[in-house]
Amino acid sequence: MSKLEDFLNPTQEEAIVQAIWEAEKKTSGEIRVHIEAIAEQPALERAKELFHVLKMDNTKEGTGVLFYVAVDSKTFAILGDYGINGKVPKDFWETVKEVLQMHFKHGAFAEGLVKGIYLAGEKLQEHFPWISGDKDELINEISKG
Ligand code: CA
Ligand code: CA
């Protein structure tokens, strides 16, 4: 098992956080990234658990979006809250997942996340545009473990 620090160096972490800031300039969606080594349950189940643990269900309109990655388990999930899932088409996350998949395959975790987050921002903008007075409801930091 490798160390989490090996997956993302500080520069890469910074690029991901920057991508979240940029994406959230376009949309009222609130994006977070959580990374761990091993997923001890199916990725989507774990993402649901973390969603609650990270208090991502505390947004006003249910617009939280979690990018969950279990690096050693080579699995990930993207989970949107009720406000988003109730409004977007069923295949909404497919193209974002493809971007992640394509990069993760080559071990390019940071690049995959950055590009996926930018794309998510653009896609979310259609349904959840940024509006004046928007608050940063969920902290734009990567959480781990
Ligand atoms: Ca916001
Ligand atoms: Ca945020």
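When reading the values below, keep in mind they use all heavy atoms of this one structure, side chains included, and skip hydrogens, waters and symmetry mates. Given the structure is predicted, the values throughout are model-derived calculations rather than measurements. For the single chain, residues carry numbers from 1 onward in sequence order. We count ligands from 1, going down the list as the structure has it; atoms in each ligand are counted the same way.
In Asp134, the N, O or S atom that comes nearest to the Ca ion (ligand 1) is OD1. Nearest N/O/S atom of Asp136 with respect to the Ca ion (ligand 2) is recorded as OD1.
Judged purely by atom type and a 3.5 angstrom limit, Asp81 has no side-chain atom pairing as donor or acceptor with the backbone of Thr63.
When OE1 of Glu30 and OE2 of Glu24 are joined through the Ca ion (ligand 2), the resulting angle is 90° to the nearest 10°.
Annotation: cation-pi geometry not satisfied between Lys74 and Phe104 (NZ/CZ under 6.0 angstrom from ring centroid, within 45° of ring axis). Both the sub-6.0 Å distance and the 45° axial angle are satisfied by Lys87 relative to the ring of Phe128.
Aromatic pair Tyr68/Phe76: ring centres not closer than 6.0 Å.
Because the distance cut-off is set at 3.0 Å, Leu138 qualifies as a neighbour of the Ca ion (ligand 2) through one of its N, O or S atoms.
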